[in-house]
Amino acid sequence: MTADQTSFVSRNPAAPSDVLAEFAAPGPTAVAGAVGRARAAQPGWLDLGAAARSSALSAIAGAIEAAADELAALAVREVGKPAAEARAEVARTVAIWRYYAQAPYEPTGAVHETAAGPGLLLTRRRPHGVAGLITPWNFPFAIPSWKAAPALAAGNTVVLKPAPEATACAVRLAELVRQAVPDGVFALVPGGATEGGALVSAADVVSFTGSTAVGDAVARAATARGIPVQAETGGLNAAIVLPDADMERAAAHIAAAVAGYAGQKCTATSRVIAVGAAHEPLREALAEALRALPVGNPADPATVCGPLISGPARDRAAEALDGACVLAAGTAADGPGWYAAPTIVEKLPAGHRLLTEEVFAPVAALLHADDLPHAVRISNAVPYGLVTSVHTAGLEAALHGLDRLDTGMIRINAPSTGVDFHLPFGGTKASGHGPREQGRAALDFYTSSRTYTLAP
């Protein structure tokens, strides 16, 4: 490593002395080289045709499925994901590749009659070229896959820049993908902000998932170049609980959405809004459910809340509790890992950090609303708009308020966490920029529509 190179270390959050990867960031020149090779490989990848691309994506799904135990264990070790969630993520990753393996056979356009006279009008979707993907550490297999699979299915080539904390997972995923595709079609460039910036400066289409500040910068840089960009960023998600809800069930869903994977999901619940008479019964049920959640080593199959990703992340979580009244807290696991106790707070002063910022930790605030319209106003009164969960026994009242919720996703009687990969995923306001991810929306994003006029 030269003196001007940046080095990165990936550690086990449950045992920080356990180092999974140490590497020197390759720098902008290496990124440009990877994009150049991907651009040279793209026409050949497209020209292989639908059957070849479909077969390749199916083979990737099969390879990931065959390595499922290994990949789940790697996610537990590198990013501290509880074992049950890690297995579920790998299974979802397999399903994502299988879903998009059918996409090459989808129609790529339509035929239209001319307004007058002979001839035909055609619309056709064509790939952009090289897709630059910048992904976070919290879903080290699923998020790179739900970006890469539709990009590849549509005929693009891919250059992936993963978060440094998930480098080992990304390297293993890339090995499995590259076994099934021609040289240059899928490239991995590890590194940090420098490599990410270089990728945004060179790719033909960019998809980003990560922090709001970085996502804003990515969107501005890509827009300045005139290339398509999507940036999925933060959330400050609310759970609205009406008086007729099953309180124990709602509390269980909410506690899991607050503390599952130590709250390190953009869809985690950060605010709990009890409507009217729901406040006291929910307060008690939620405190009980939170204390009952298993906290500990992510390798333990029973664990729901494992460690935070790093020491600084744990420090930020502790700082976020300043000035808050704690309603209930679980226990932080013993040991050398970066653990934080799941916590519900109440009676927050106006403008408190927990009401304005995404903390990315197992912490949530309990709030009170007079009625459903008031709850909707509270839910909307933040810069973010990713997902809201609504808990009620009667859908009529919920449906009355749903269209007034300023979030991209609404989940009824379910945790705020959870993703249906065959439907569009994304938020409003500061939670996202650009078109939606996943489902058929992803195929639209990774292609451009052209209109052809065929005159006789």
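Below, all heavy atoms of this structure are taken into account, side chains as well, without hydrogens, waters or symmetry copies. Throughout, residue positions are numbered sequentially from 1 according to the sequence presented.
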Minimum heavy-atom distance between A180 and I60, given as atom pair plus value: CB-CG1, 3.6 Å

So do L152 and W97 actually touch side chain to side chain, heavy atoms under 4.5 Å? yes

To the nearest 0.5 angstrom, please state how far the NE2 atom of H253 sits from the NE2 atom of H391. 7.5 Å

Is the backbone N or O of V130 less than 3.5 Å from a side-chain atom of D204, with the two atoms forming a donor-acceptor pair by type? yes

Heavy-atom pair of closest approach, residues P162 and L160: CD-O, 3.6 Å

Can R172 and E78 be counted as an ion pair, charged N to O under 4.0 angstrom? no

Donor on one side chain, acceptor on other, S10 and T167, under 3.5 Å: no

Ring geometry between F360 and W137 (parallel below 30°, tilted from 30 to 60°, perpendicular above 60°): perpendicular

With distance as the sole test, does K161 use its side chain to make a donor-acceptor pair with the main-chain N or O of G191 at under 3.5 Å? yes

Is there a side-chain contact between T212 and Y384 in this structure, where contact means two heavy atoms from C-beta onward sitting under 4.5 Å apart? yes

Donor-acceptor pair, K81 side chain versus P298 backbone, under 3.5 Å? no

Could you tell me whether the side chain of T108 and the main chain of R126 form a donor-acceptor pair under 3.5 Å? no

Quick check: do V205 and I227 have side-chain heavy atoms less than 4.5 Å from each other? no

Side chain S270, main chain A364, donor-acceptor under 3.5 Å: no

What are the two closest heavy atoms between P82 and V76, and how far apart are they? C-CG2, 4.3 Å

Heavy-atom closest pair, residues L290 and A328: CD2-O, 3.7 Å

Looking just at side-chain N and O atoms, do K147 and S207 make a donor-acceptor pair shorter than 3.5 Å? yes

Looking only at the side chains, is there a donor atom on one of T93 and S145 sitting less than 3.5 Å from an acceptor on the other? no

What one should report as the nearest heavy-atom pair of G296 and A333 is CA-CB, 3.7 Å

Using a 3.5 Å distance criterion without hydrogens, assess whether the side chain of H422 forms a donor-acceptor pair with backbone atoms of G439. no

How about CG on D18, more than 12 heavy atoms from neighbouring residues, nucleotides or ligands closer than 6.0 Å, or not? yes

Distance, nearest 0.5 Å, that separates CD1 of I143 from CD of E437: 7.5 Å

CG of N237 to OG1 of T388: how many Å apart, nearest 0.5 Å? 7.0 Å

Hey, is CD on E288 packed in by over 12 heavy atoms from elsewhere, all under 6.0 Å? no

Roughly how far apart are E232 CD and H433 NE2, rounded to 0.5 Å? 10.5 Å

Side-chain (S431) to main-chain (G385) donor-acceptor, under 3.5 angstrom: yes

For the backbone of P435 and the side chain of Q230, can you confirm whether one donor and one acceptor N or O come within less than 3.5 Å of each other? yes

Under the 3.5 angstrom rule, does the side chain of D246 hit a backbone N or O of E248 as a donor-acceptor pair? yes

Just wondering, do T417 and V387 contact through their side chains at under 4.5 Å, heavy atoms? no

Using the side chain to side chain contact (heavy atoms under 4.5 Å, CB included) definition, which of the options V158, N156, V181 pairs with W45? V181

